[in-house]
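Notes follow the structure.
Below, chains carry the letters A, B, ... as their sequence lines are ordered, and counting in each starts from 1.
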Amino acid sequence: MTVRVRFAPSPTGFLHIGGARTALYNWLFARKNGGAFVLRIEDTDAERSTDESTAGILDGMKWMGIDWDEGPFYQSEYLQEHKDAAQELLRLGAAYRCFCTKEELDQQRAEARANKVAFKYNRKCLALSAEESQARADRGDPYVIRFRVPDNRQETVSFDDRVFGHIEVGIKEIGDFVIVRSNGLPLYNLANVVDDHRDRITHVMRGADGLANTPKQVLIYEALGWETPVFAHMALTLDPSKAKISKRRHGEVVTVEFYQEHGFLPWAFCNFMALLGWSSGDDQEIFLNREEMIDRFSLDHVSKANSVFNYRKNDPKFITDPKALAVNAAHLRQLPIDELLPYVKDWFVRQGLWKDDWDGADRQWFASTVDLIRSRYHTLEDFTELGRAYFFDEYPIVPKAAKNIRKDPVLEQGFKRLSQAYAALDGFSLENVESTLRVLSDDLGIKAGLLINGVRAAVTGQTVGPSLFEVLLTLGKERVISRLEKAAVMVSAG
RNA sequence: GGCCCCAUGGUCUAGCGGUUAGGACAUCGGCCUCUCACGCCGAAGUCCCGGGUUCAAUUCCCGGUGGGGUCACCA
């Protein structure tokens, strides 16, 4: 039997990391098993569903590179099927109309709470005769349809969850739940089962918050005489205080969009997400390409314990979970340069900073410059922020760099004479660039390090970076000379 | 509160009766060095608690504790 899985988000917000992870695991499972990945938008809550959030979810998935084979289907388009299923359940005696008012039910809930037991509908309307039920319906009395939990035939409902194992719950624990609202619209538990059955889903992989609903759904499958799919629930991702993550509480940092906008490589982001609850079984954590992870993916190593998304609010050093940054950085420096370049280009284009020469005449230069600096960057954003000076003549000089430039008055002479010496140089090679600087340091009677650090600060605006002489070569003679002249002025100006 | 689920360093995890409890990130120190990063080396830090079962429990069972989920005419 061909594996068929689905991702069925409700479009009530942006795609957040929890949903992204669910989508990713489904996708990995489908690709691993040569199955189909279906995308279904569960938009039946018209109050909360918006086109924008649907678009946001699709965009997020596209960015991550999680492609779907079928869909997107929209749950709202299958309304009639859901209603038909409810009628069928009614006909089978597996469901019944309930005319109880909200007030009555609220009262029952209050009582249940007072008695410290779970609320269970008291089945008042189950006692209604078929005739009376029909008569009241015909008369136009408002009613909901409840599923009749078959407590006369079995004591427990159970299923074997692919990650949590055998789950069993006493049937007396489940109250007759509503499957169709009084306005005629079916509810999640019913619609979801009908849709999964129609879409021939073989494996339902979703967040563990669906675990407690599953017995109800199993009951519906059984009542309709449908085969139940395999369930595989995934532990939730929590925030550092163990609270469920939500955009409302946590803001942008939990949305996929945030990672897109902060220069994450899509697959590196997926790599990090995958690690939040899944392990390869050995020590490998970095998967530079999709195939590698697909090959290794298995439900056997999906964790049952909730994981904590370890982001720190307002931490200047870590804009998100340090491990997310580390994984992205690993991809940034380990990817073959030719595979990385397109993403760097996209980033520059997005920022409106791309120059066409960089994949034309200066293609080689661009590649080697990116290669030179990438090992100390964490995100693509670093190329346009920290790495500004490598690509543009306008660049900020960070305070510590400014300090290095003015560290010693002798540096004014140093910069001035170095620029003159470089100007007089025949070529501009690693060797003569370095020896020129060292000879000058001796002349000036200062340590080469002083001049080197000053020059680095002057030409890059940073105190850190690659070996200075490599930097100088990448920048080229002209730029170096003019930047040194400016630096000399900076020193004299104090 | 009822029911269900979970529990290895700060975080993500490996482990599946006998291990100096492994790896990654983060932290700290060292090497490298013109700085930073990379790379390499090293340090600190963990099996929630209590009972069993067993020659032997991080591992199996039970009970606590802690955390999470769920109990809607949301999905």
Side-chain angles (χ1 to χ4, degrees), chain A residues 8-12 42-45 47-49 75 98 102 105 109 112-120 142-146 161 164-165 167-170 172-175 177-189 191-192 207-215 233 235-236 238 240 242-244 272 275-286 301 303-311 317-318 321-327 329-330 333-334 373-378 404 434 437-438 441 447-457 462-469:
Chain A
S10 57
T12 54
E42 307 214 325
D43 58 344
T44 42
D45 183 1
E47 297 280 305
R48 301 198 296 166
S49 298
Q75 187 167 59
C98 172
K102 188 165 190 308
L105 294 168
R109 269 190 208 97
R113 196 178 169 77
N115 297 328
K116 296 186 183 303
V117 292
F119 164 71
K120 260 180 74 177
Y143 64 87
V144 299
I145 298 177
R146 285 182 184 277
D161 192 90
F164 282 94
I167 304 285
E168 190 168 287
V169 42
K172 63 180 184 311
E173 307 294 342
I174 307 173
F177 54 95
V178 178
I179 53 177
V180 179
R181 300 160 161 118
S182 54
N183 65 5
L185 295 177
L187 256 1
Y188 169 74
N189 280 127
N192 192 256
D209 45 356
L211 205 53
N213 274 317
T214 308
H233 287 87
L236 272 14
L238 276 18
K242 300 284 172 66
K244 223 171 153 180
F272 166 70
L275 259 20
L276 237 40
W278 169 79
S279 67
S280 64
D282 61 28
D283 290 336
Q284 183 175 358
E285 293 193 323
I286 301 299
H301 285 98
S303 171
K304 292 194 278 192
N306 293 339
S307 57
V308 170
F309 172 61
N310 195 27
Y311 85 104
K317 189 170 180 189
F318 299 104
D321 190 317
K323 187 139 184 173
L325 259 357
V327 171
R333 65 174 180 269
Q334 288 178 26
I373 57 186
R374 62 169 164 160
S375 77
R376 62 216 86 208
Y377 291 166
H378 292 95
N404 277 3
E434 176 164 4
L437 184 143
R438 290 191 186 281
S441 306
K447 290 206 298 187
L450 179 68
L451 187 55
I452 288 173
N453 287 334
V455 173
R456 173 181 294 105
Q462 302 279 330
T463 59
V464 302
S467 166
L468 176 69
F469 307 109

> Are OP1 or OP2 of B:C74 and a side-chain N or O of A:Arg181 less than 4.0 angstrom apart?
Replying inline: yes

> Rounded to the nearest Å, what distance is computed from the CG atom of residue A:Asn310 to the C1' atom of nucleotide B:U27?
Replying inline: 13 Å

>> Heavy atoms from C-beta onward define the side chain here; which of B:C71, B:A75, B:U35 lies closest to that of A:Phe119?
In response: B:C71

>> For a quick check of understanding: with a heavy-atom distance under 4.0 Å over all strands, which category does A:Phe177 fall into, base, sugar-phosphate or nothing?
In response: nothing

>> Can you tell me the base-pairing partner of B:A14? Count Watson-Crick or G-U wobble geometry only, both distances below 3.5 Å, and say none if there is no partner.
In response: none

>> Counting only side-chain nitrogens and oxygens, does A:Ser307 get under 4.0 Å of the OP1 or OP2 atom of B:C12?
In response: no

> A:Ser10 near the nucleic acid: base, sugar-phosphate alone, or nothing, with a heavy-atom cut-off under 4.0 Å?
Replying inline: sugar-phosphate

>> The side chain of A:Leu187 is closest to which nucleotide in this list: B:C5, B:A75, B:A26?
In response: B:A75

> Nearest nucleotide by nearest heavy atom, which residue falls closer to the 5' end of RNA chain B, A:Tyr188 or A:Phe164?
Replying inline: A:Phe164

> What's the closest nucleotide to the A:Ser182 side chain, out of B:C73, B:A14, B:C12?
Replying inline: B:C73

>> Can you measure A:Glu434 atom CD to B:U35 atom P for me and round it to whole angstrom units?
In response: 13 Å

> Could you state the CZ-C1' distance from A:Arg113 to B:G1, rounded to the nearest angstrom?
Replying inline: 8 Å

> Can you tell me the Watson-Crick or wobble partner of B:C60, both distances under 3.5 angstrom?
Replying inline: B:G52

>> Heavy atoms from C-beta onward define the side chain here; which of B:C38, B:G1, B:C73 lies closest to that of A:Arg333?
In response: B:C38

> Which of these nucleotides, B:C73, B:C4, B:C12, is closest to any side-chain atom of A:Glu285?
Replying inline: B:C12

> Does any nucleotide pair with B:U19 by Watson-Crick or G-U wobble geometry, both distances under 3.5 Å, and what is it?
Replying inline: none

>> Looking at B:C38, which nucleotide sits across from it as a Watson-Crick or G-U wobble partner, both distances under 3.5 angstrom, or is there none?
In response: none

> Any idea which of B:C71, B:G69, B:G23 is nearest the A:Leu236 side chain?
Replying inline: B:G69

> Does the side chain of A:Arg109 get closer than 4.0 angstrom to OP1 or OP2 of B:C73 through an N or O atom?
Replying inline: yes

>> Starting the side chain at C-beta, find the nucleotide from B:C36, B:A7, B:C71 nearest to A:Ala305.
In response: B:A7

> If you measure from the P atom in B:A7 to the same atom in B:U13, how many Å do you get, rounded?
Replying inline: 11 Å

>> Quick check for you: among B:C3, B:C12, B:A75, whose closest atom lies nearest to any side-chain atom of A:Lys323?
In response: B:C12

> Within the pair A:Thr44 and B:A75, is there a side-chain N or O less than 4.0 Å away from OP1 or OP2?
Replying inline: yes

> With both distances under 3.5 Å as the test, what is the Watson-Crick or G-U wobble partner of B:C71?
Replying inline: B:G1

>> Using whole Å, what does the distance between atom P of nucleotide B:A24 and atom CG of A:Leu276 come to?
In response: 18 Å

>> Please report the distance, rounded to the nearest Å, between CG in A:Asn189 and C1' in B:C73.
In response: 13 Å

>> Between A:Asn306 (side chain only) and A:Leu236 (backbone N and O only), is there a donor and an acceptor less than 3.5 Å apart?
In response: yes

> Considering only B:G69, B:G22, B:A75, which nucleotide approaches the side chain of A:Asp283 most closely?
Replying inline: B:G22

>> Could you tell me how far B:G67 sits from B:A44 if I compare only their P atoms? Round to whole Å.
In response: 32 Å

>> B:C6, OP1 or OP2 - any side-chain N/O from A:His233 closer than 4.0 Å?
In response: no

> How many Å lie between CD1 on A:Ile179 and P on B:A75, as a whole number?
Replying inline: 13 Å

> What integer number of Å spans the C1' atoms of B:A14 and B:U19?
Replying inline: 12 Å

>> Would you say A:Lys304 places a side-chain N or O within less than 4.0 Å of OP1 or OP2 belonging to B:C6?
In response: yes

> Whole-Å distance between B:U35 C1' and A:Arg456 CZ?
Replying inline: 4 Å

> Please give, in whole Å, the distance from B:A72 P to A:Ile145 CD1?
Replying inline: 18 Å

> Who does B:A43 pair with, Watson-Crick or G-U, both distances under 3.5 Å?
Replying inline: B:U27

> Mapping A:Lys116 and A:Leu468 onto RNA chain B by nearest heavy atom, which one lands closer to the 5' end?
Replying inline: A:Lys116

> Can you tell me the Watson-Crick or wobble partner of B:A7, both distances under 3.5 angstrom?
Replying inline: B:U65

> B:G68, B:G2, B:G23: which one has an atom nearest the side-chain heavy atoms of A:Asn306?
Replying inline: B:G68

> Reckon A:Pro215 touches a base, only the sugar-phosphate, or nothing at all at heavy-atom distances under 4.0 Å?
Replying inline: nothing

